[in-house]
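Before any comments, here is the structure.
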Amino acid sequence: MQEVAVIGVGMHRFGKTGDDIVGTKSVGSLCRTAVDAALKDAGVNWKQIQAVAAASSRFSGGKGWGLNGNDVVEDLGSTGIPVYNMSAGCAAGGNAFNVGYSMVAGGVYDMMLVVGGEVMPKGMIQTSGVEEATDPEFLRQRCIGMPGPSFWSTLARRRMFEYGTTEEQFSQVAVKARKCSVHNPMARFQKEITVEDVMNSPYVSNPLRLFQICPVSNGAAAAIICSKEYAKKFTSKPITVASSTVATMTFNDMLPRGLADPMTECANLHTEAQNAVANAFEKSGIGPGDVSFTELQDNTCYYELAFPEEWGLCEAGESESLLMAGETTPTGRMPINPSGGFVSFGEATTAMGVFQIAELTWQLRGQAGGRQVPDAKVGLAQTLGLGGNATAAILKR
Amino acid sequence: MSESGLPCVEGLFSAEDGVATLHGSKCTGCNTPYFPRSEACHNPDCTGSNIVDFDFGGSGTLWSYSVADFPPPPPHKFDKPFAPYAIGVVDMECGLRLIGQMVDKAEDVKVDAKVELVIDTLYHEDDVAYSSWKFKQI
Ligand SMILES: [Zn+2]
C-alpha cells in the first residue's frame, strides 16, 4: 500500500434550479467547473488523470437524472481512461473517494479524479418508482406513507424523549451552521438566521422544521488524488489521506429501514456510519481525541447531536451542552461542520462525499477564511446513504 | 374502525373478527422474526437459516413517532383533502420493531405508550376502501 494524498479540490457553488447560482446548468456543466477548479488547484492537466471515480446516480434512480462519470470524461476530452461509476445513494461521493483512494493506494493508478455532482429533480426525492410488493420502498409508501423527513423526525423525537432535547436546541444547530456558511463562498445559503427564524419556519415533519433539514440542491465537487510520492511533483504541502472506509449496516442495527426490523440489544441506530467511522479510526491509528474537526452528514440537525456521541467524539447525552456552550463552532473544542454543512448547502446527493473532502482539504491547508478551525491538523468526514451505506475518511496535514 | 374493504397490498396482513394479523416469517435456527417475509435469515451468526411462516399481532410499546405534515410522494395514496397523521415505530412483543400509521391524532401520541395493532382504512378508490395495519394507543 502506498500513502495517498489530496493535491487539488474544486467545487461549483450549490444552488437551486432557476436561481442566480446554478440557473439551468446541466450536471455536466457543474462538474466541469468543479473539475477545472480542482485541476487548477492541483497544477495538473486533464491528460495526466489516469482514471475517474464518479459518484453516480444515473442508474440508481431509474429516472435518467443524475451524474454519469462517462459524460464528465467526454466533456473534458475523451482520453479513453477508465471510469468507475459508484452508486450508493447519498454515500456515493464517499464511495467514489474510497474507490479512488483504494486504487491509488494499491498502486493501480498514480493519479485519479474523484467527482460527484447533481442536478436534483424537483420536490421530495422519490425512490424506486416501481409498484411491486417485493420492493421495500413501495411497501413503505403504499402501506404507511412515510415522507423522507419522517425518518429523521422519528429519530429526533426519540432523542427528545431520551435526553430532553428541545426544539430550540435543534434550532440552535441550524443557527450555528448558518453562522459558518456566511464565510463559505460555496454555500447555497450564506445568511445568518436566528433561533426565532428557525422556530417560525413550518414543520416539515413534526418535530422537525423546514430550516432544520437540508433541502435538495444542485452542485458539484471534485478532488485530485495521487500517491504521496507522486504528489511531490506538484506540491510541497499535500494533504494526506490517513484512511478511507466504506461500510454497510450490521444485523444488530435497531433502526428499521423497511417496514420492520428484528429487535436486538444493540443501541446503535446507524451501524453503517458507526462501522465506517470506527474502521477509519482503526486503520489510521487516529482516535476520536485526535480529531480537530468533523464534517458529518447533517441531513437534519439531529445528526449533529447524535453522531458525535455514537462515534466517541463526546459522551452520550453531552452534545446539547457542547452545542449551547459554543463548543461545536469552528473555534470550539469539538468543531462540527465548519463548512456550514448540508443545512447550509442543501444536498446534491452524489456531490456530498467529495464536497466534504474539499472542505477538509481547505481547512487542513488553513484556507478556510472566516470559518477556519484554528490549527486544524486532522479532519474526519462521514456520509450516509439509503440502503444502509456509509463512508468515512480521515485526512491530515 | 375495521371498515371492511381490500388490503392495500395483498398477502401482508388480514383482519378476522376485528383481530389484526400480520403475515411475516421467522428463522427457526435463531428465532429471528421478519416482516415482510424474508427468504433467508439475515443473522450472520445463524448457521441454520430455516425460514417458516410467522403470523403476529398483539401489542407493543411506542419507541418513537413522526408526523406526516405534508403528503408523502407516490406511490402513497390518501383521501383528499390530506390530513396530517402520526407514524409510529413500535417495539412489538413478538420481537420486531415495526412501523405503521397511528390511528390516534398526532397531538395525542406519546412516546412509550402501549399500543395495539389494528387494521384500518388507508384510502378510498372507486368507492372501495383500502386498508393497512395501524397502531392504536391502549
Ligand atoms: Zn437465523
- With a 4.5 angstrom heavy-atom cut-off, which part of B:F13 approaches chain A: side chain, backbone, both or neither? neither
- Residues of residues 19-29 of chain B with any heavy atom under 4.5 Å of a heavy atom in chain A: none
- Message: For B:R97 versus A:M254, what's the shortest heavy-atom pair and its separation?
- Response: NH1-O, 2.7 Å
- Note on the structure: With chain B, the option among A:S205, A:P207, A:S153, A:G258 that has the most non-hydrogen atom pairs under 4.5 Å is A:S205
- Query: Given side chains that start at C-beta, do those of A:P202 and B:D69 come closer than 4.5 Å, heavy atoms only?
  - Reply: no
- Query: By a 4.5 Å heavy-atom criterion (distance strictly below it), what part of A:L208 contacts chain B: side chain, backbone, both, or neither?
  - Reply: neither
- Task: Please round to the nearest 0.5 Å and tell me the distance separating atom SG of A:C143 and atom NZ of B:K77.
- Result: 12.0 Å
- Quick one: salt bridge (charged side-chain N to carboxylate O under 4.0 Å, His left out) partners of A:E310, sequence neighbours excluded? none
- Answer with side chain, backbone, both or neither: which region of B:Y130 has an atom nearer than 4.5 Å to a non-hydrogen atom of chain A? neither
- Query: A:G145 and B:Y85: which non-hydrogen atoms are nearest, and at how many Å?
  - Reply: O-OH, 2.7 Å
- Check B:F70 against A:Y203 and note the closest heavy-atom contact, atom names and distance. CE1-O, 3.2 Å
- Task: Taking heavy atoms only and a threshold strictly under 4.5 Å, list by residue number the residues of residues 88-95 of chain B that touch chain A; give 'none' if the list is empty.
- Result: B:V89, B:D91, B:M92, B:G95
- Kindly determine whether B:I87 and A:T154 satisfy side chain to side chain contact (heavy atoms under 4.5 Å, CB included), including the steps that lead there. CA-CA 8 Å; B:I87 302 154; A:T154 303; 5.8 Å; no
- Going by heavy atoms in the side chains, are B:W133 and A:L259 under 4.5 Å from each other? yes
- Can you measure from CZ (A:R159) to OG (B:S64) and round to the nearest 0.5 angstrom? 12.5 Å
- Message: Counting only heavy atoms not in A:E162 (residues, nucleotides, ligands), do more than 12 fall under 6.0 Å from its CD?
- Response: yes
- Query: In Å and rounded to the nearest 0.5 Å, what is the OG to CH2 distance from B:S66 to A:W152?
  - Reply: 12.0 Å
- Checking heavy atoms, do the side chain of B:L122, its backbone, both or neither come under 4.5 Å from chain A? side chain
- Under 4.5 Å from a heavy atom of chain A, the part of B:Y65 involved: both
- Note on the structure: CG (A:D261) and NE2 (B:H42) are apart, to the nearest 0.5 Å, by 9.5 Å
- Note on the structure: For A:R142 and B:P75 the tightest heavy-atom approach is NE-O, 2.7 Å
- Task: Might you confirm whether atom CD of B:E125 has over 12 heavy atoms from other residues, nucleotides or ligands at distances under 6.0 Å?
- Result: yes
Validation: residues 98-115 of chain B side-chain donor-acceptor distances under 3.5 Å, sequence neighbours left out:
| residue | atom | partner | partner atom | Å |
| --- | --- | --- | --- | --- |
| B:Q101 | NE2 | A:I144 | O | 2.8 |
| B:D104 | OD1 | B:Q137 | N | 2.8 |
| B:K114 | NZ | B:T61 | OG1 | 2.8 |

